[in-house]
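Inspection log for the structure reproduced underneath, given as structure tokens.
Note on naming: letters A, B, ... go to the chains in the order of the sequence lines (proteins, then strands), and numbering restarts at 1 for each one.
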Amino acid sequence: MSNTAQIIVNIPARSLDKPFSYNIPINLPNIQVGSRVLVPFGNRKVEGFVVGLADENPETLKPILDVLDDHPWFDSNMLATANWLSEYYLCSLGEAMRLFIPGQSGIRTQKAYQAPAETDMKRVEALLSCKPEEYRTTLTYIYERGLATLPELTKLTGNMGAIIKFFLQHKLIVHADTVSKRGKANSTIIIKLAVSREVAEQIEQTLPKSKTAQRRLLSALLDTDTQELTAAQLRSLSITLETVKRLAAQGLVTTRSVPVFRNSYAGSHQRTTEVTLTLEQSHALQLITPAIHSGIHRSFLIHGVTGSGKTLVYIKAVAEARCLDRQAIILVPEIALTSQIVARFKAEFGDDVVVMHSKLSVGERHDAWRRLQTGQAGIVIGARSALFAPVSHLGLIIIDEEHEFTYKQEETPRYHAREVALTRARLSGATVILGSATPAVETYYQALQGEHILIPMNNRVDNTPMPPVTVVDMRQELAQGRRSVISQSLQDMLTETLAKKEQAVILLNRRGYSTFVLCRECGHVLKCRHCDISLVYHAPANVLRCHYCQERHTIPDTCPKCSSRYIRYFGAGTQKVEEALTALFPSARIVRMDQDTTGGKMAHDRILSAFAAGTYDILLGTQMVAKGHDIPNVTAVGIISADTALNLPDFRAAEKTFALLTQAAGRAGRGAKAGQVVMQTYNPEHYAVTAGAAHNYQAFYQEEIVFRRQLDYPPFSNLIKITVQAGDEITVHRNANLLAIELTQSLTKTDSAIIGPFPASVNKIKDVFRVNILIKTQGLSTVTRQLSALGMASRRDLIVDIDPVNVL
DNA sequence: AGCACGCCGACT
DNA sequence: GTCGGCGTGCTC
């Protein structure tokens, strides 16, 4: 038997990123690796995670105070995943483990104080004699109560800081934090009728009309065979425990608490309505099903066009996993924009599904986690955080729209859900399904390399064709003297659509409204000679600058390609487009949707449902109008400037553009009526635009992969972004330069290139200046280990981002 | 992260 | 002469 435990304390500080040893007292049974415990730490009490057991000399160690859960919270797969995550993404083990628990901590502590073991009253008097009266009142209060919490004391005499400090210093009191466990609801309640049916019926009749909830509860109880109702049934009847209490007070019902049983799903059957699978769907399942049954980790990439029926494949795969009594995690990019898929899973699997919103309260999160942990539910759908659900028999992870950038967490730990999913699944022998109409270039490359099994789904379920796309060359428009942001073709399409009483969606990628410089005559965009990346206009200095290599260029008067003088900073904001539309179609009902008009998620939903209900004719907005919804009456999609994202100084610009165009085009003609799409662009011959217009992923990929290979961008390398932060501009640049030198020296043997330092695109946030350094490497694990050894992970003025999604 | 200990300026 | 600033260092 081991007598000591290695424990990671749950305190978010890099300097605590090492295990501490504690004595396991004999009265605390069942402390295992993975247990959450309460330990004394300094003069505080904190939550700790047991990561190892050993035999040491327990004499010198403090003892574990308590165990927080009945069973260890972390199983070996979760622990291994956390370990991997902390090494790969260079965060502390504690930070990685914290991802797996609901909320920040499993305990709530309150500062409290008590008398020390021995008190010398003479000394106390001497010390108090020269102090104000509050000192005496406070100390008396603590001594009389035996223990007093800080809020109590504050109420007594106001701000306590100085007094407490004085007492502590002179050892008149000692720390004695009080601790309460969170979410210890490991049982559920059963309500039973306490009187005979006849009596109950009679009472139900005679209850006053006003007590509707009580009547409903009684009649629901009478409707059952056993005269019992569960808490879940109560919830579905929307009867609160308050009502139950009232009836219980009258002696009509009794309640009892029963422990929650594991695997309540086992044996019950999913209600899959018999649907005929398409050939592609059943082919996909023929590949996936054996993998799920084998219990050997495999990963699949379903490359399926919009409307090819990926969701049904997901549902069938989840059903397979559930039949084997293994759990499934389904990740969606943003729960608010994907309510359709959630609804389908709910309809299919009912209470076996747990939905994780980002806005769940800590308590609700706890409940959701607990339902999974106890086996009351076996399916979790949610954003990336659902990946850390405490399920012990993981069988399947699905990542829908795997190319979405929301899968990357933009604060520490900066993990990518796809990578973590693959790792957790590998460690658990689970299957992974990645799904997308426009897979990330990296993912598709991996699939072609055989790392994932590629499953193409090229046909729509209903065999409707993809909408035809008209590409409008805005240079031609200008040549013909048309200066409006709305091209002739777009205007014609809208006229036609409005005449037919159908609806249109207009997408404007707002992020492009500034910065880059473009020739309106030939479409040429000024680029850096060394980086093949668009130059960015910097207003204060009035220069063009490359964000990758820092080179400065003066602004030419004429286009270097065609010598035209129509060289401009390009941009058309949403408002400008709205004005133009109103001028062209005065009677059309137009609604604008962007970050400015949607205050919160509700506004977003409200606008969309109003539009779906036909309250508006034209929906104009940023990227969010391109996602998720499926409105049959939308037959026209217009894209104002298909190429704005192309000109961002980002090596993923083409990929982002292509995905957005494909997604937007997919909005048209989802119902019985045929759709059409107009894409306006200054780069009609760019492969991201032509491939997007042709709905042709292959064409895009073939071009893009060549570019990536030439410049050694991912998937042919890994990137690491290090952001240097400082309060003033001089320091930040000095530190960044020093760091760059240090990196150059220490990474010479690792096949890495160092790019920068260059100012971050947002170079000052909340008065902190930011400068980036990029490392492009072929030996990621060696480099991360070195960075770790150099102490980069614990420096507070640095942010280390492995595989950054945003390199600017 | 907290909270101690510890070494230098403005006040009774 | 003290109170109190927040700079380093430690927490099993």
Practice item. Just say parallel, tilted or perpendicular for the rings of A:H175 and A:Y113, cut-offs at 30° and 60°. Key: tilted

Interatomic distance, [X] [atom1] vs [N] [atom2] [rounded to whole Å]:
X	N	atom1	atom2	answer
A:L16	B:dA1	CG	P	9 Å
A:Q104	B:dA1	CD	C1'	12 Å
A:I8	C:dT11	CD1	C1'	14 Å
A:K165	B:dC5	NZ	P	10 Å
A:N23	C:dC12	CG	P	13 Å
A:F20	C:dC12	CZ	C1'	6 Å
A:I164	B:dA4	CD1	P	11 Å
A:N3	C:dC12	CG	C1'	13 Å

Study note, to complete from the structure: With A:Y89 as partner, the option from A:V420, A:V800, A:T784 fulfilling side-chain contact (heavy atoms from CB on, under 4.5 Å) is A:V420

Check your understanding: Are any of A:H175's side-chain N or O atoms less than 4.0 Å away from OP1 or OP2 of C:dT11?
Key -> no

For the side chain of [X], starting at C-beta, report the closest nucleotide among [options].
X	options	answer
A:K62	B:dA1, C:dT11, B:dG2	C:dT11
A:L168	B:dG2, C:dT11, B:dA4	B:dA4
A:S21	B:dA1, C:dC12, B:dA4	C:dC12
A:R44	C:dT11, B:dA4, B:dG2	B:dG2
A:N43	C:dC12, C:dT11, B:dC3	B:dC3

Practice item. To the nearest 0.5 angstrom, please state how far the CE atom of A:M97 sits from the OG1 atom of A:T81. Key: 11.0 Å

Practice item. Evaluate the side-chain proximity of A:V46 to A:V39: yes if any heavy-atom separation is below 4.5 Å, no if none is. Key: yes

Practice item. Could you check whether A:P19 gets within reach of a base, just the sugar-phosphate, or nothing at all, counting any heavy atom under 4.0 Å? Key: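 If one applies the 4.0 Å heavy-atom cut-off, A:P19 turns out to touch nothing in the nucleic acid.
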
Practice item. State whether the aromatic ring of A:F41 stacks on the base of C:dT11, taking stacking to mean ring centres under 5.5 Å apart and ring planes under 30° to each other. Key: yes

Point to revise | Closest-nucleotide ordering on DNA chain B, the 5'-leading residue of A:K171 and A:R796 | key: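 Counting from the 5' end, the first nearest nucleotide belongs to A:R796.
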
Point to revise | Pair A:T406-A:E334, side-chain hydrogen bond (donor to acceptor under 3.5 Å, both in side chains): steps then yes or no | key: CA-CA 8 Å; A:T406 49; A:E334 230 177 300; 5.5 Å; no

